[in-house]
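Just so it is clear, the model here is predicted, and its values are computed rather than measured. Both ligands and their constituent atoms are indexed starting at 1 by order of listing. Both backbone and side-chain heavy atoms feed into the values below; hydrogens, waters and symmetry mates do not.
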Amino acid sequence: MNDSPPLPAADWPELLPGWVWLCGAGPGDPGLLTLHALNALRQADVIVYDALVAPGILDWARPDAEMIYAGKRGGKPSTKQQDISLRLVDLAKAGKRVLRLKGGDPFVFGRGGEEAQTLVQHGIPVRIIPGISAGIGGLAYAGIPVTHRDVNQSVTFVTGHDQSGNTPTSLNWHAISNASPVLVIYMGTKHIGQIAAALMAAGRGSDEPVAIVTNATTPDQNVLETTLATVEADIKTSGIAPPAVICVGRSVLLRQVLDWQSFATGEAPRNLDPLGRGRPAEAP
Ligand code: SAH
């Protein structure tokens with residue numbers, strides 16, 4: 001294809017029998033997998049994967065690898081989580097080379113920390129392979145930079161569910177609202193009405209931009225742009241379903257200039273300067 005050197009073949013870590021590699025698969029697009037993840041897929045005897053791991057990614061597994069689906073969606077009780085962790089322990093103790101593949105990053109709202117903890121407590125050696133989290137990479141595919149100098153110097157990642165499937169009442173929404181100009185909410189569609197109300201009660205504007213990105217980075221990616229006041233109704237009428245990341249803040253406006261996926265279809269940007277900064281042609 002070109003003359004650039006091939007990826008170096010040597011020095012990739014070996015997945016040894018009795019080990020578990022806990023690995024992020026990214027938000028969907030197989031191209032967003034890391035090289036370490038690919039290296040793991042090529043070696044594993046057993047792959048235990050989640051609902052949010054895109055099917056194309058599993059095509060890179062060894063043809064004879066055993067595939068175990070550990071799907072679990074929508075804040076179901078966490079008893080099953082312990083079953084998954086113990087299954088990983090058993091597989092490792094049986095001398096398998098185990099790959100535990102999770103959507104996004106395993107340590108971001110993915111219970112990867114709990115699984116790794118159980119493994120280590122049972123004497124199983126682990127390696128952690130980070131992945132691109134939906135709240136960063138998924139927004140990037142929607143043309144939303146999670147930080148931007150003109151918008152935010154901090155960002156808050158928050159989950160809309162707790163272990164019981166309820167809005168986390170333990171969260172101080174007032175403090176969260178005041179903490180960062182940009183909030184990225186995982187698992188937030190179900191309780192978005194409550195969340196939006198709490199944010200507005202804490203002082204966020206009712207006209208504040210909100211984007212809901214569903215199936216980010218997959219061929220089914222969909223982006224709904226709305227505001228805090230209208231987000232609940234708009235989600236209902238649009239009928240969109242999880243998985244979705246929700247971005248609250250003015251960075252959503254940057255999509256008007258940065259919706260790069262639309263460029264491939266020949267569309268022009270909607271607005272070159274959506275923040276009104278007059279900065280399109282700054283000298284280098
Ligand atoms: N570890 C994952 C998050 C797991 S929690 C990560 O780092 O991305 C599951 C939630 O992640 C979903 O409810 C949704 O909020 C978000 N999510 C994961 N993949 C997504 C995708 N392709 N598009 C939109 N949201 C996604």
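- Of all heavy-atom pairs spanning H191 and H161, the tightest one is CD2-CD2, 3.5 Å.
- Among the atoms of F109, none of the N or O lies under 3.5 angstrom from an N or O of ligand 1.
- Note: an N/O pair closer than 3.5 Å links V108 and ligand 1 by distance alone.
- Counting all heavy atoms, side chain and backbone alike, R97 lies closest to Q43 at NE-O, 4.0 Å.
- Close contacts between ligand 1 and N215 involve ligand atoms 22 (N), 23 (N), 24 (C) [criterion: under 4.0 Å to a heavy atom].
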Please list, one pair per line, the donor and acceptor atoms closer than 3.5 Å that link side chains of residues 175-186 to other protein atoms, with sequence neighbours excluded.
{"residue": "N178", "atom": "ND2", "partner": "H174", "partner atom": "O", "Å": "2.9"}
{"residue": "N178", "atom": "ND2", "partner": "H174", "partner atom": "ND1", "Å": "3.3"}
{"residue": "S180", "atom": "OG", "partner": "S154", "partner atom": "OG", "Å": "3.1"}
{"residue": "S180", "atom": "OG", "partner": "T156", "partner atom": "OG1", "Å": "2.5"}
{"residue": "Y186", "atom": "OH", "partner": "S133", "partner atom": "OG", "Å": "2.5"}
{"residue": "Y186", "atom": "OH", "partner": "G135", "partner atom": "N", "Å": "2.9"}

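- Judged by distance alone, with hydrogens and angles left aside, the side-chain atoms of D234 form no donor-acceptor pair with the main-chain N or O of L224 at under 3.5 Å.
- Closest to atom 19 (N) of ligand 1 by heavy atom, among A134, G28, G137, G103, is A134.
- In terms of polar-atom proximity, G135 is not counted as a contact of ligand 1, lacking any N or O under 3.5 Å from an N or O of the ligand.
- Here the closest non-hydrogen pair linking D220 and N215 is O-CB, 3.7 Å.
- Remark: the backbone N or O of T226 is not paired with any side-chain donor or acceptor of T230 at under 3.5 angstrom.
- Contacts with ligand 1 closer than 4.0 Å are made by no heavy atom of T159, backbone or side chain.
- Between E115 and K102, at least one side-chain nitrogen of the basic residue sits less than 4.0 Å from a carboxylate oxygen of the acidic one, meeting the salt-bridge criterion.
- Looking at P106 against ligand 1, nothing comes within 4.0 Å, counting heavy atoms.
- Checked by distance only, ligand 1 and D105 come closer than 3.5 Å through their nitrogen or oxygen atoms.
- For L52, the closest heavy-atom approach to ligand 1 falls below 4.0 Å.
- When non-hydrogen atoms are compared, ligand 1 lies under 4.0 Å from the backbone of V213 (N, CA, C, O) but not from its side chain.
- The proximity of A216 to ligand 1, defined as any non-hydrogen pair under 4.0 Å, involves the side chain as well as the backbone.
- Using a 4.0 Å cutoff on heavy atoms, P242 does not count as a contact of ligand 1.
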Could you list the donor-acceptor pairs under 3.5 angstrom formed by side chains in residues 18-27, with sequence neighbours left out?
none

